[in-house]
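Note: hydrogens, waters and symmetry copies are ignored here, and every other heavy atom, side chains too, is used. Both counts, for ligands and for their atoms, begin at 1 and track the order of listing. Positions are given from 1 along the sequence.
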Amino acid sequence: MTRTAEVAVFAGLRGPARTFTYRVPEGLDVRIGHLVRAGFGARAVHGVVVALDVPADRELKPLDGLVHPIPLLTGRQLALGRWIAETYRCGLADAVRAMLPPALAARARSGLPAARGERTEPVFGITPAGHEALASGMPRLGARQLVTLRALAAGATTVADVVHAGGTPAAARSLAARGLAIRGTRGVRRVPVEFRLSEADLSRDMPATAPQAAAIAAAIAGMGTGQGFLLHGVTGSGKTEVYLRLTAEALARGLGAIVLVPEIALTAQVVARFVARFGERVALLHSALSAGERYDEWRRVLDGTADVVVGSRSALFAPIENVGLVVVDEEQEPSYKQASAPRYHAVDTALALGRLTGAAVVLGSATPRVVTYAAATTGDLALLELPGRVLDLPLPKTRVVDLRLELKANNRSTLSSALRTALQRTVAKGEQAILYLNRRGFATVVLCRDCGYVVLCPACEIPFALHADGRLVCHRCGREEPRAPATCPRCGSARIRHLGVGTQRVEEDVRAAVPNARIVRLDRDAVKAKGAHAAMYERMRSGQAQVIVGTQMVAKGFDLPGVSLVGVVNADTQLSLPDFTAAERTFELLAQVLGRSGRGTVGGEGILQTYLPDHYAITAAAAHDYATFAEHELRARRRFGYPPYGRLVLLQTSAAREATVERRATELAARLRAAAEDDADVLGPAPAFAAKRAGSYRAQLVLRGDRPTAVLDRVDPGPDWTVDVDPVTLLG
Ligand code: ADP
Ligand code: ZN
Ligand code: ZN
């Protein structure tokens, strides 16, 4: 029988990536996951074998041969690739490409290169010609070569294997020279300099706290079952220590571990603790590394020299042979969703990997997405709680300041009198303050400065977005108003407008309030200079500066024991964004920012300035009360059928002419509506939130319901549309 192989080729093809079928030449020992060379048009390209013995009805080109004797992807990884292709509706070749390091296709010229600067050892495999020679019964080979060839036929790979079977590496090399064997190399363990971050590993031998011990025991019991867990605990509650101890347990059982972190610059401490505890067994697979560095690290995993993988999203696909544990730290981070095909969510994909491999999957967060929290309350995930901080630091006492009253009192500064007083007190005591300004959502909504009213789309009850030409547009249903109302529909005030406050303006107000304080500003403009972020952090850390004014960048990663006041200048701007995750993102950010206060011994306080002092995202953040927030948020989600009470698919299209986009969107909307049945509602068409990007007009449609992808089984949107299943935002 002729054998066939389905191959995902790296041919630099545009569009949805397909796989191609080849004939397997007699005697070529091809396995699933092997990197192979094959003809593609007039070229020779590389590809990965994704299936064997697939039916073919025409004459096929043969594979040229193997590039590397060790398969790059395991059968389980390919199964995960198929799950991704099916769930997120992309080509299998797209999924496979995402699973391999980006530099691979470019670097795999004649063989798979070893990591740079690394000691290597040779590995061998038998070729079809080698099998033929053995089968012919009369190979013209020396005794050593014959023994060696038989050893390779029986699966020997390394020099140690060959020697163990009575052969020699020299014989294997001459077999390779005669085409009866192929030769490759694999790396021998080393630690790249850039990851030799060292930090004293103080808590290693400390006894676990009672909640930590309970969480660890439960997750260990889950190894081998594929169970998913939510590890819910505030910053400082000991989550990282739990990850470390679970990893040690997986290694003790001969299993590997994968640990996903959102952004390397902000999670350097987590990475350092893994390196400190597991040393050379750690491979770092992160998009912040160059393609070459990433390839080196991936190569160490493939070779089996590293079995703890720490990295971003795609680290999930590291070629670890037996995964016992998958951790996703800060599971709420939107960066876990990939923004281009395959548009997979790393959390859901981690859970799928757990089901395929039996690995225990631990999702950690202080502020998990409510979909994750809901799954933990319904039993789909097991809930592990770490209720307090290990070192018993109290969370900062937080006040909510109603900005409408400030305006009534004729205070036109960006600082309320409460915040100004607190700032003055903090500086006078020689302590430090962080003033945080939320830039997201600014100037996109129309808001009454007297009563806080936000102009909403009457059909959708989400804020209208204010466009530059003055129109109000609903980004869910597409409804438009020619202009914003001149007076507030609720209280009649004429002070209805969009607000725009920048960090510079806040900095000026701070200078006026505390003229003698040393103030630094950290926003997009200020960090354009490389290293500025670290420099500002250092100025605060050393006490050179007393007040830092900044945007999102000060919210995360800043661990400054001298900070005893965090003021949020505008807690609610993001709340007004017309997105189903707006409240969740607001709560998360406020919790993060407030967590910057009171990390030292001086205690801490927080002040939230807002026009919406009664909104549950604000009040719950001030009270550090996640459960109450989640309860309100889930109620709101249920009302509108948003996740977890419905699934979403976001469809987007773009074109140079507005009319083209409108025609396409109207046409697809009609086809979807005709085919939707009870599986989903069709929302839109509406302009995309960024209605114009790079000179192109953009429009979108949303499917919302129990089975939105079932609608796509009946209606194919075609190549003009991107399909985002389970989007994390509708404002993309
Ligand atoms: P999180 O990841 O939730 O922020 P960490 O694991 O970083 O929490 O723990 C917070 C601090 O407490 C760290 O300095 C850590 O070294 C320390 N720590 C964690 N667990 C213990 C323990 N069982 N005994 C003593 N110190 C601990
Ligand atoms: Zn009003
Ligand atoms: Zn609407």
Taking [X] for its side chain and [Y] for its backbone only, find out whether a donor-acceptor pair lies under 3.5 Å.
X      : Y      : value
Thr240 : Val270 : no
Lys429 : Gln424 : no
Asp625 : Thr628 : yes

Decide side chain to side chain donor-acceptor pair (under 3.5 Å) for Glu331 and Thr372; before the verdict, give the C-alpha distance in whole Å, the side-chain angles of both, and the deciding distance to 0.1 Å.
-> CA-CA 9 Å; Glu331 76 84 33; Thr372 307; 2.9 Å; yes
Using distance alone, determine whether Arg245 and ligand 1 share an N or O pair under 3.5 Å.
-> no
Contact check: Gly238 vs ligand 1, nitrogen or oxygen atoms, below 3.5 angstrom = yes
Of the listed options Arg389, Lys239, Arg273, closest to atom 15 (C) of ligand 1 (non-hydrogen atoms) | Arg273
Proximity of Ala208 to ligand 1 by residue part, where a heavy atom lies under 4.0 Å | backbone
Could you please spell out the steps behind the ring-ring contact (aromatic ring centres under 6.0 Å, His included) verdict for His345 and Tyr88?
-> CA-CA 9 Å; His345 198 301; Tyr88 299 103; 8.3 Å; no
For ligand 1, which atoms, with element, lie under 4.0 Å from some heavy atom of [X]?
X      : result
Thr235 : 4 (O)
Thr209 : 23 (N)
Val234 : 3 (O)
Pro207 : 22 (C), 23 (N), 24 (N)

Intermediate values then yes/no, ring-ring contact (aromatic ring centres under 6.0 Å, His included), Tyr344 and Tyr336 | CA-CA 8 Å; Tyr344 66 96; Tyr336 282 127; 9.9 Å; no
